[in-house]
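Structure, as structure tokens:
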Amino acid sequence: MKEGNIIEPLVEVKGLTIEFPVRSGLLRAVNEADFVIPKGKITALVGESGSGKSTMASAIMRAITVPGLVSGGSITFDGRDVMSLGKKELQAYKWEQVSMVFQAAQNALNPVVRIKEQIMETFLAHARSKPYTEKQMTERARNLLDYVRLDPDRVLNSFPHELSGGMKQRVMIAFSLLLDPKLVILDEPTTALDVITQAYIFDILKKIHKEMNITMLLLTHDIGVVAKTADRVGVMYAGNVVEAGDVFDMFKRPKHPYTAKLMKAVPSLYEDVSERKGIPGSPPDLLDMPPGCPFHPRCDYAHDKCRKHNPIKVYTPAGHEVACHLYPNPESVAEVRTS
Amino acid sequence: MNARNLDYEAELRQRTRGAARTTSSEVLMRLDHVSMYFERGQSMFGSAQKVGAVVDVNLDIHPGEIIALVGESGCGKTTLGNIITGLQKPTSGKLLYKGEEVPKLSRDKANQFRGEVQMVQQDSYAALNPMRTIYQSLSAPILQRKIVRGRKAAKARVIELLQTVGLTPPERFLDKYPHQLSGGQRQRILMARAISLNPKIIVADEPVSMIDVSLRISILNLMAELNRKLDIAIIYITHDLATARYIAGRGRMAVMYLGRVMELGGVNDVLSQPKHPYLQALLSAVPTPDPEIARAMTELPLRSLEMPNAAKPPSGCRFHPRCPMASARCTSEEPQLRLVGSELTACHYAEEAHELWQRKMADISAIKHV
């Protein structure tokens with residue numbers, strides 16, 4: 001943490017629990033998770049599939065739908081309680097406050113509608129606080145497409161199938177910026193794309209972040225992408241954020257054994273290959289969670305306490321948080337979340 | 001950086017000696033000027049377009065070696081994999097297996113070829129019959145090919161195979177259906193199926209791209225182990241340079257672009273001493289799991305992001321419209337693979353490009369060690 005030991009939160013998630021009833025029981029996709037998205041930063045949320053990162057992001061968007069149920073906890077966005085927004089407020093909250101870039105851009109765009117009409121539709125559905133004329137809408141769309149380095153003339157009149165994967169993803173990014181949101185959630189924005197396209201898209205995203213001062217939440221399982229783009233990292237495991245902190249800290253001195261193993265599990269182009277190791281075992285079955293710390297069956301440091309009690313998260317003054325019995329230290333806990 | 005240069009020189013010396021040894025050993029499979037053109041857009045008007053998916057590839061596969069075929073989507077790596085397994089017949093060039101042309105093999109030998117060259121697919125769910133149990137899927141090929149006779153022997157062999165690929169206790173998996181297994185476990189089943197016919201070559205097409213990060217390495221380790229213990233040559237097809245480096249550390253790597261091999265050499269040489277500007281761009285684009293290095297690699301050494309149309313490849317060098325080093329020569333004269341340092345590179349300016357890269361890497365390692 002070089003600057004800003006004090007984190008000013010844009011989004012605060014507290015004790016969030018999200019459940020899905022399935023045939024064999026109640027599945028807790030997110031389990032009493034605490035998480036903060038600091039204002040003006042790029043925060044990355046990493047974790048294996050099924051760790052709950054997408055579900056938590058959907059909850060921030062208020063996009064958990066039946067049969068999913070937010071059964072506990074609170075989400076505060078810029079001081080407002082997200083869970084209690086009414087229908088009208090919600091329409092303005094979505095896209096004017098928070099927007100999302102979905103994982104597979106090719107599926108997020110309507111295949112039979114031209115890009116231009118899809119953009120207009122978004123304006124009409126969500127621009128609540130400020131009405132736009134058609135001319136203004138087109139102008140804004142053109143500017144944003146130009147900003148993500150696309151040719152507006154060509155793209156606006158195209159159908160999605162006429163664009164390449166990387167172009168579609170950039171259209172989605174332009175889409176997410178239409179109404180000038182405070183937070184953009186990026187759900188695996190580059191998984192289906194080639195590395196060169198991926199690098200290019202992250203260049204654009206970093207530029208947007210810097211120039212428009214937009215807070216970003218990046219959901220990914222690619223540790224390399226995190227190292228390159230994020231300011232802050234949260235690590236999710238079995239529905240909980242088990243560690244969070246500054247990106248340099250997290251890579252240099254990971255505290256949670258899961259984080260440490262995750263960092264070592266990715267093959268690198270530069271480091272010694274022999275240091276790389278997979279994580280033994282497999283992620284826990286969310287319907288049959290082990291007692292105590294959910295990571296203990298795969299953890300080298302597991303002891304009796306881990307098998308019985310789920311660790312409580314501790315917060316350091318430098319903005320690092322970790323939930324592991326190796327760090328029971330309450331002295332180092334400082335209230336960094338409410339400044 | 002000095003220490004690194006010394007390391008490199010030592011390695012180079014070692015490798016040139018090593019190269020002499022491998023060429024003298026027998027060649028299991030040879031691709032001789034292999035090209036694959038697809039025709040598309042045939043209509044009443046105008047003639048069909050020819051799309052070169054694989055263009056003039058020469059490659060020798062030696063017993064027990066690992067070759068990584070890398071490149072972006074559409075570069076022809078999967079088509080090349082299909083040619084190696086005999087699934088697609090090249091439109092020109094020859095595919096030789098143990099010295100004989102594959103399409104001309106006698107019935108017995110063709111049968112043997114199909115058994116000895118196996119494939120591991122990317123999507124393990126699609127590659128297994130959802131209506132069959134694991135035992136049924138694994139016992140069918142060995143019974144059909146009479147590798148074992150009788151149900152008892154088949155069961156024993158299937159159990160042995162499951163153990164080899166690290167699925168223990170094996171009895172628990174016999175009666176399971178594919179949907180009851182995780183992605184990593186299904187990928188292991190595919191490995192078991194591939195090795196069940198005692199192959200000499202396994203072509204693995206993106207075997208880990210659909211598996212969680214935390215489990216990828218264990219699958220790669222399994223493949224490396226099969227390669228070592230059973231002496232199976234592995235053709236590892238991927239877009240992920242880091243996993244290619246991981247599995248093929250001592251093997252070779254071929255980097256493809258628009259159907260052509262642009263660089264070919266020992267994996268460590270190719271990755272640490274890249275000569276071709278395309279490979280350098282690719283390497284710069286890979287996010288490194290180290291915030292300091294990752295942030296130092298900012299700009300992509302590319303003039304254009306757009307991949308040219310494979311049906312109308314650019315004149316001269318296929319990479320020239322995107323290449324920061326391109327000159328007039330590159331637009332007219334197609335570079336052929338030539339030996340630069342210890343690898344083969346298809347670039348007119350490989351020496352200059354290599355020097356630029358070394359300077360860039362020196363800058364980055366300086367950042368790292370400040």
Side-chain angles (χ1 to χ4, degrees), chain A residues 46-51 149 164-167 190-203 206 220-231 233 246-252 258 261-271 273-274 276-283 285 298, chain B residues 70-75 182-185 208-222 239-247 249-250 267-268 271-272 278 281-300 302 305-307 322 361 364-365 368:
Chain A
V46 293
E48 293 164 83
S49 31
S51 60
R149 296 175 224 173
S164 73
M167 290 167 86
T190 58
T191 19
L193 305 175
D194 277 321
V195 274
I196 288 182
T197 318
Q198 170 178 305
Y200 190 67
I201 285 187
F202 277 109
D203 271 1
K206 282 201 100 166
T220 182
H221 63 259
D222 189 334
I223 303 290
V225 163
V226 174
K228 189 157 183 146
T229 37
D231 300 307
V233 191
D246 172 76
V247 67
F248 290 95
D249 258 14
M250 293 286 278
F251 276 86
K252 264 196 188 140
Y258 176 63
K261 287 208 153 156
L262 198 62
M263 307 277 178
K264 284 263 176 266
V266 247
S268 148
L269 278 175
Y270 304 98
E271 257 135 72
V273 172
S274 58
R276 301 282 146 183
K277 263 194 200 133
I279 305 178
S282 50
D285 179 355
R298 302 170 82 185
Chain B
V70 299
E72 293 177 280
S73 41
C75 74
S182 71
Q185 288 171 335
V208 299
S209 68
M210 290 175 77
I211 297 175
D212 253 326
V213 225
S214 66
L215 304 172
R216 272 185 198 171
I217 283 206
S218 55
I219 299 285
L220 294 174
N221 285 344
L222 171 66
H239 67 278
D240 185 343
L241 291 166
T243 59
R245 172 179 185 247
Y246 186 82
I247 186 171
R250 282 191 204 92
V267 169
N268 284 325
L271 293 177
S272 64
Y278 169 65
L282 204 59
L283 281 168
S284 311
V286 177
T288 316
D290 179 317
E292 281 164 25
I293 299 182
R295 272 150 225 252
M297 295 247 199
T298 44
E299 61 206 283
L300 276 182
L302 273 181
L305 180 77
E306 306 306 332
M307 187 84 130
R322 305 172 74 186
M361 289 316 282
I364 285 167
S365 63
K368 186 77 185 149

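Chain naming here is simple, since letters A, B, ... match the order of the sequence lines and numbering starts at 1 in each.
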- Query: For Lys206(A), is it the side chain, the backbone, both, or neither that has a heavy atom closer than 4.5 Å to a heavy atom of chain B?
  - Reply: side chain
- Which of the residues Ser164(A), Gly166(A), Ala230(A) is involved in the greatest number of heavy-atom pairs with chain B at under 4.5 angstrom? Ala230(A)
- Message: Could you tell me if the side chain of Pro287(B) sits less than 4.5 Å from the side chain of Gln198(A), heavy atoms only?
- Response: yes
- Query: In terms of heavy-atom proximity below 4.5 Å to chain A, should Leu215(B) be classed as side chain, backbone, both, or neither?
  - Reply: side chain
- Residues Pro289(B) and Ile223(A): closest non-hydrogen pair is CB-CG2, 3.9 Å
- Message: Using 0.5 Å steps for rounding, measure from the NE2 atom of His239(B) to the CG atom of Leu193(A).
- Response: 10.0 Å
- Item | For the student: nearest non-hydrogen atoms of Ala285(B) and Val195(A), plus distance | CB-O, 3.6 Å
- Task: Any chance you could measure Leu283(B), atom CG, to Leu269(A), atom CG, to the nearest 0.5 Å?
- Result: 6.0 Å
- Item | Region of Ile247(B) in contact with chain A, defined by heavy-atom distances below 4.5 Å | neither
- Using non-hydrogen atoms only, which part of Thr243(B) is less than 4.5 Å away from chain A: side chain, backbone, both, or neither? both
- Spatial distance of atom CZ (Phe251(A)) from atom OG1 (Thr288(B)) [nearest 0.5 Å]: 10.0 Å
- Note on the structure: To the nearest 0.5 Å, atom CZ of Arg216(B) lies from atom CD1 of Ile279(A) at 12.5 Å
- Those residues that, when tested against Pro283(A), pass side chain to side chain contact (heavy atoms under 4.5 Å, CB included) (two or more places apart): Glu48(A), Arg298(A)
- Please name the pair of heavy atoms, one in Arg295(B) and one in Val226(A), separated by the smallest distance, quoted to 0.1 Å. NH2-O, 3.9 Å
- Message: Which one wins on heavy-atom pair count under 4.5 Å against chain A: Ser218(B), Ser182(B), Ala242(B)?
- Response: Ala242(B)
- Smallest separation among heavy atoms of Pro291(B) and Val247(A), with atom names: CG-O, 4.0 Å
